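These figures come from a predicted structure and were not determined experimentally. Remember, it's 1-based here, ligands and their atoms both numbered in the order they're listed. Counting begins at 1 with the first residue of the sequence.
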Amino acid sequence: MRVCVIGTGYVGLVTGVCLAHIGHQVICVDNNEEKVKLMRAGQSPIYEPGLSELMVANMDSDRLLFTTDLGKGVRESEILFIAVGTPALEDGSSDTRYVEAVARSIGEHLDEKYRVIVNKSTVPIGSGDWVRMIVTEGNEAHQQQTGQAIAVNFDVVSNPEFLREGSAVYDTFNPDRIVLGGNNPQALALMRELYTPLIERRVGENPDLPPVPVVMTDLSSAEMIKYAANAFLATKISFINEVANICDRVGADVSQVAQGIGLDSRIGSKFLNAGIGWGGSCFPKDVSALIHTAKDYGYTTSILNAVVEVNQVQRLIVVEKLQQELKILKGKVIGLLGLTFKPDTDDMRDAPALNIIQQLNRLGAKVKAYDPIVSQSGVSHGLSGVQIESTPAMLADQCDALILVTEWQEFLKLDFPALASRMHQAVIIDGRNFLDKAKLQQSGFRYLGVGRS
Ligand SMILES: NC(=O)c1ccc[n+]([C@@H]2O[C@H](COP(=O)([O-])OP(=O)(O)OC[C@H]3O[C@@H](n4cnc5c(N)ncnc54)[C@H](O)[C@@H]3O)[C@@H](O)[C@H]2O)c1
Ligand SMILES: O=c1ccn([C@@H]2O[C@H](COP(=O)(O)OP(=O)(O)O[C@H]3O[C@H](CO)[C@@H](O)[C@H](O)[C@H]3O)[C@@H](O)[C@H]2O)c(=O)[nH]1
């Protein structure tokens, strides 16, 4: 099938590359010329394991091309994915201006051929009908300008994305479910056909599993599924973090507690890692957007408000632990192991590290950091108040404490005795309960986790 993906960020690029890989003809459109230039040269503008190789292979097979020309993408494709960003506005609601701009442009380029316009971006409930309206407006304006009368024919489908950064390619090939929301069975049938190789598990690592469940819904239910999924996962993390804070006080170990409750199949063991809380480009903005939507309808989201509140406190729990340990932070040197909001990504959007740096700066500490991706990339990522070091050893030099912020696998293999010998005081706060406490203690560290007293 002929597909156009508009927006080549974490979702759009991965979606475009993976759809090409399962045999579709894909045009990826982005209005960022630098990005398009990079991708045309076979380089991925984002760090995502396995993505670059797959991208180049599909470009070489002539199934994937990149352009800034949205008109070309619309004219030459039957399925048009909108995959642009929907960041949070000041008031917590979703900023849909990029979706609006794309929907309007699609309208300007439509002809008589039938198209399915797919909302892949996470958009507020009700956006399906709104996108239809904007596309129609764009088309009518174009017709007025050109004097051409075109009978356009299209449907809007909601197809929310559930991939995780850091395992985006794997998740796309091995989804837990595919959600398709829409009003016209013809559009939903085309979408099902598009995903058939994935549904039948012809790609991916679990060929023996039953077919991927396809959940067909109306537009707004599909939109709500996306928000509800992220809000539930964020709730699960805030819940275990609250339990961790109680564990710290009563002397229990949250890792053991998580194992004990996670084995109950009604609870499940995933997303029960306590630590410095959830961040990233999705959970914070999506939970806020859902709270905002509820407010628009006069409903107060008591649970979700608490989920956010717990998370705000949780992000700074490592600084509190540091204060208990070192007392005065003014004039102390603190080293952060990791900066990105999770491992295997270069994404710094709403990373807990940003709050930790700000708070340490406020308390007068000098902050240094080492991150496997950020240190290598030489890109500032808009970071201020932190000195980026290029090796863990340089990070440890003269530090009064280390804080593990991101659980990069390579941190498990660090030479901790060597790091301890370079520090002023060998204190480590494990913000992800990731390191081996006994090993750290043997290496001469005073070790503190979260809820692992
Ligand atoms: N990042 C994730 O893990 C993830 C997962 C699921 C869903 N989502 C949702 O998917 C959407 C995209 O997220 P992302 O993280 O990929 O965003 P992103 O910021 O990484 O990428 C967005 C891309 O859209 C491009 N763009 C903006 N306006 C454009 C226009 N008018 N024409 C063409 N291109 C345009 C930008 O240049 C950028 O490359 C969001 O709604 C997000 O909530 C993201
Ligand atoms: O047990 C856990 C699991 C995660 N996290 C944190 O939660 C955040 C989000 O992690 P994760 O969900 O793995 O990453 P994302 O790439 O943000 O993916 C989420 O957000 C995406 C965007 O909507 C969705 O598509 C995915 O399904 C959803 O998992 C990160 O800060 C993690 O450190 C924890 O603190 N404890």
Side-chain angles (χ1 to χ4, degrees), residues 4-16 28-36 38-39 45-46 48 66-70 73 81-88 94-106 119-124 127 159-168 171-172 175-177 226-227 229-234 236-241 244 254 258 262 268-287 289 311 314-315 338 340-347 349-353 405-407 431-434 450:
C4 170
V5 181
I6 305 156
T8 57
Y10 290 84
V11 166
L13 182 56
V14 172
T15 301
C28 283
V29 180
D30 205 290
N31 62 355
N32 182 325
E33 286 181 16
E34 285 304 307
K35 270 192 177 183
V36 171
L38 213 59
M39 293 183 290
I46 53 166
E48 193 56 54
F66 298 97
T67 178
T68 52
D69 183 356
L70 186 126
F81 278 90
I82 302 178
V84 293
T86 47
S94 175
D95 183 352
T96 52
R97 82 179 90 159
Y98 307 104
V99 174
E100 180 171 354
V102 169
R104 210 170 285 284
S105 305
I106 290 176
N119 267 341
K120 184 56 117 178
S121 295
T122 303
V123 281
S127 295
N159 171 216
E161 179 53 61
F162 302 100
L163 64 77
R164 294 161 299 169
E165 289 181 21
S167 53
D171 290 349
T172 305
D176 285 344
R177 78 299 208 184
K226 176 63 198 174
Y227 283 105
N230 275 359
F232 186 84
L233 292 170
K236 206 170 173 187
I237 302 168
S238 280
F239 175 83
I240 198 68
N241 281 333
V254 73
S269 59
K270 292 180 181 163
F271 273 68
L272 284 180
N273 296 327
I276 53 174
W278 41 273
S281 68
C282 290
F283 283 1
K285 79 170 176 66
D286 292 348
V287 175
N311 198 53
Q314 203 66 23
R315 285 185 174 198
T340 53
F341 83 97
K342 64 183 281 191
D344 293 324
T345 181
D346 54 356
D347 201 343
R349 287 179 283 183
D350 219 332
V405 173
T406 317
E407 65 276 37
R432 296 290 183 185
N433 289 345
F434 181 61
V450 178

Quiz item: At a 4.0 Å threshold, what atoms of ligand 1 neighbour a non-hydrogen atom of Ser281?
Solution: 1 (N)
Quiz prompt | Atoms of ligand 1 close to Gly9 [distance to a heavy atom under 4.0 angstrom, numbered from 1] | solution = 16 (O), 18 (P), 20 (O), 21 (O), 23 (C), 39 (O)
Quiz prompt | For Asp286, the ligand 2 atoms whose distance to one of its heavy atoms is below 4.0 Å | solution = 23 (O)
Exercise. Indicate the atoms forming the closest heavy-atom contact of Pro45 with Leu13, along with that distance.
Key: CD-CD2, 3.7 Å
Practice problem: Can you establish whether the number of heavy atoms outside Phe239 located under 6.0 Å from its atom CZ is more than 12? | Solution: no
Exercise. Please say whether Glu165 places an N or O atom under 3.5 Å from an N or O atom belonging to ligand 1.
Key: yes
Self-check item: Nearest heavy atoms of Lys236 and Gly268, plus distance in Å
Solution: NZ-O, 3.3 Å
Exercise. Record the part of Arg164 in heavy-atom contact with ligand 1 below 4.0 Å; permitted values are side chain, backbone, both and neither.
Key: neither
Quiz item: Is Asn433 reaching over with its side chain to a backbone N or O of Val450, donor-acceptor style, under 3.5 angstrom?
Solution: yes
Quiz item: Would you find a donor on one side and an acceptor on the other, under 3.5 Å apart, between the side chain of Glu161 and the backbone of Val11?
Solution: no
Exercise. State the atoms of ligand 2, each with its element, that fall below the 4.0 Å cut-off from a heavy-atom position in Cys282.
Key: 20 (O), 21 (C), 22 (C), 23 (O)
Quiz prompt | Shortest non-hydrogen contact between Cys282 and Asn230, atoms and distance | solution = CB-ND2, 3.9 Å
Self-check item: Shortest protein contact, atom 4 (C) of ligand 2 (heavy atom only)
Solution: Ile237 CD1, 3.5 Å
Quiz item: Considering the options Ile276, Asn311, Thr406, which one meets the side-chain contact (heavy atoms from CB on, under 4.5 Å) requirement together with Pro352?
Solution: Ile276
Quiz item: Quick one: which ligand 1 atoms are inside 4.0 Å of a heavy atom on Glu161?
Solution: 6 (C), 7 (C)
Quiz item: Is there a donor-acceptor pair under 3.5 Å between the side chain of Glu48 and the backbone N or O of Thr345?
Solution: no
Exercise. Write down the atom of Ala234, the atom of Val287, and the distance for their closest heavy-atom approach.
Key: CB-CG2, 3.9 Å
Self-check item: Steps toward salt bridge (charged side-chain N to carboxylate O under 4.0 Å, His left out) verdict (Arg164, Asp344)
Solution: CA-CA 10 Å; Arg164 294 161 299 169; Asp344 293 324; over 6 Å; no
Self-check item: Check: Val99 main-chain N/O paired with Arg104 side-chain donor or acceptor under 3.5 Å
Solution: no
Quiz prompt | Sidechain-backbone polar pair: Asn31 side chain, Thr68 backbone, donor-acceptor under 3.5 Å | solution = no
Self-check item: Region of Ala83 that comes within reach of ligand 1 [heavy atoms, distance under 4.0 Å]
Solution: backbone
Practice problem: For residues Leu70 and Ser105, report the shortest heavy-atom separation together with the two atoms involved. | Solution: CD2-CB, 3.4 Å
Quiz item: Numbering the atoms of ligand 1 from 1, which are under 4.0 Å from a heavy atom of Lys285?
Solution: 42 (C), 43 (O)
Exercise. Could you tell me whether Leu233 and ligand 2 have an N or O pair separated by under 3.5 Å?
Key: no
Practice problem: Starting from atom 29 (O) of ligand 2, find the nearest protein heavy-atom neighbour and note its residue, name and distance. | Solution: Arg164 CG, 3.4 Å
Practice problem: Run the numbers for me: atoms of ligand 2, each under 4.0 Å from some heavy atom of Gly277, listed by number. | Solution: 31 (O), 35 (O)
Quiz item: Do Glu165 and Ile46 come within less than 4.5 Å of each other through their side chains, counting heavy atoms only?
Solution: no
Practice problem: Measure up the Phe271 and Phe283 rings against each other and bin them: parallel (under 30°), tilted (30 to 60°), perpendicular (over 60°). | Solution: tilted
Quiz prompt | Under 3.5 Å: donor-acceptor pair, side chain of Ser121, backbone of Val84 | solution = yes
Quiz item: Is Arg349 in contact with ligand 1, taking contact as a heavy-atom separation below 4.0 Å?
Solution: yes
Quiz item: Which is closest to atom 22 (C) of ligand 1 by heavy-atom distance: Gly85, Cys28, Gly7?
Solution: Gly85
Quiz item: Among Leu163, Asp347, Asn31, Thr122, whose heavy atom sits nearest atom 31 (N) of ligand 1?
Solution: Asn31
Quiz item: Quick one: are Val102 and Val29 in side-chain contact, heavy atoms under 4.5 Å?
Solution: no
Quiz item: Would a distance-only check, ignoring hydrogens and angles, find a side-chain to backbone donor-acceptor pair under 3.5 Å from Ser94 to Ala289?
Solution: no
Quiz item: Does Thr122 have a non-hydrogen atom less than 4.0 Å from ligand 2?
Solution: no
Quiz item: Nearest to atom 26 (N) of ligand 1 by heavy atom, Asn230, Ile106, Val84: which?
Solution: Val84
Quiz item: Atom CG in Asn273, atom CZ in Phe434: separation rounded to 0.5 Å?
Solution: 10.0 Å
Exercise. Check each heavy atom of Val102 against ligand 1 and say whether those closer than 4.0 Å belong to the side chain, the backbone, both or neither.
Key: side chain
Quiz item: Does any N or O in the side chain of Asn32 come within less than 3.5 Å of the main-chain N or O of Glu34, such that one atom is a donor and the other an acceptor?
Solution: yes
Quiz item: Is the closest N or O pair between Phe341 and ligand 2 shorter than 3.5 Å?
Solution: yes
Quiz item: Among protein heavy atoms, which sits nearest to atom 28 (C) of ligand 2, and what does the distance come to when rounded to 0.1 Å?
Solution: Phe283 CE1, 3.5 Å
Practice problem: Please confirm whether Gly279 comes under 4.0 Å of ligand 2, counting heavy atoms of the residue only. | Solution: yes
Exercise. For Phe162 and Ala229, work out which heavy atoms get closest and say how close.
Key: CE2-CB, 4.2 Å
Quiz prompt | For Glu165, atoms of ligand 2 separated by under 4.0 Å from a heavy atom | solution = 16 (O)
Self-check item: Sub-4.0 Å atoms of ligand 2 with respect to non-hydrogen atoms of Trp278
Solution: 6 (C), 7 (O), 8 (C), 31 (O)
Quiz item: Is there at least one pair of N or O atoms, one from Tyr10 and one from ligand 1, spaced under 3.5 Å apart?
Solution: yes
Practice problem: Could you tell me which atoms of ligand 2, counted from 1 in the order shown, lie closer than 4.0 angstrom to a heavy atom of Lys226? | Solution: 22 (C), 23 (O), 24 (C), 25 (O)
Self-check item: Mode of Lys342 contact toward ligand 2 - side chain, backbone, both, neither (heavy atoms, under 4.0 Å)
Solution: side chain
Self-check item: Atom indices of ligand 1 within 4.0 angstrom of Thr86 heavy atoms, with elements
Solution: 40 (C), 41 (O), 43 (O)
Exercise. Go through ligand 2 atom by atom and flag the ones less than 4.0 Å from a non-hydrogen atom of Arg432.
Key: 33 (O), 35 (O)
Quiz item: Among all protein non-hydrogen atoms, which one is nearest to atom 10 (O) of ligand 1, and what is the separation to 0.1 Å?
Solution: Val11 CG2, 3.5 Å
Quiz item: Please state which protein non-hydrogen atom is closest to atom 12 (O) of ligand 2 and give its distance, to 0.1 Å?
Solution: Phe271 CZ, 3.2 Å
Self-check item: Shortest heavy-atom approach to atom 25 (C) of ligand 1 - which of Asp30, Val29, Asp286
Solution: Asp30
Quiz prompt | Of the listed options Thr345, Asn273, Val11, closest to atom 36 (N) of ligand 2 (non-hydrogen atoms) | solution = Asn273
Quiz item: With a 4.0 Å heavy-atom cut-off (strictly under), which part of Ser121 contacts ligand 1: side chain, backbone, both or neither?
Solution: both
Quiz item: What part of Leu163, side chain, backbone, both or neither, has a heavy atom within less than 4.0 angstrom of ligand 2?
Solution: backbone
Quiz item: Where the closest heavy atom to atom 39 (O) of ligand 1 is concerned, which of Lys35, Glu34, Lys226 has it?
Solution: Lys35
Exercise. Please write down residue, atom name and distance for the protein heavy atom closest to atom 27 (O) of ligand 2.
Key: Phe162 O, 2.7 Å
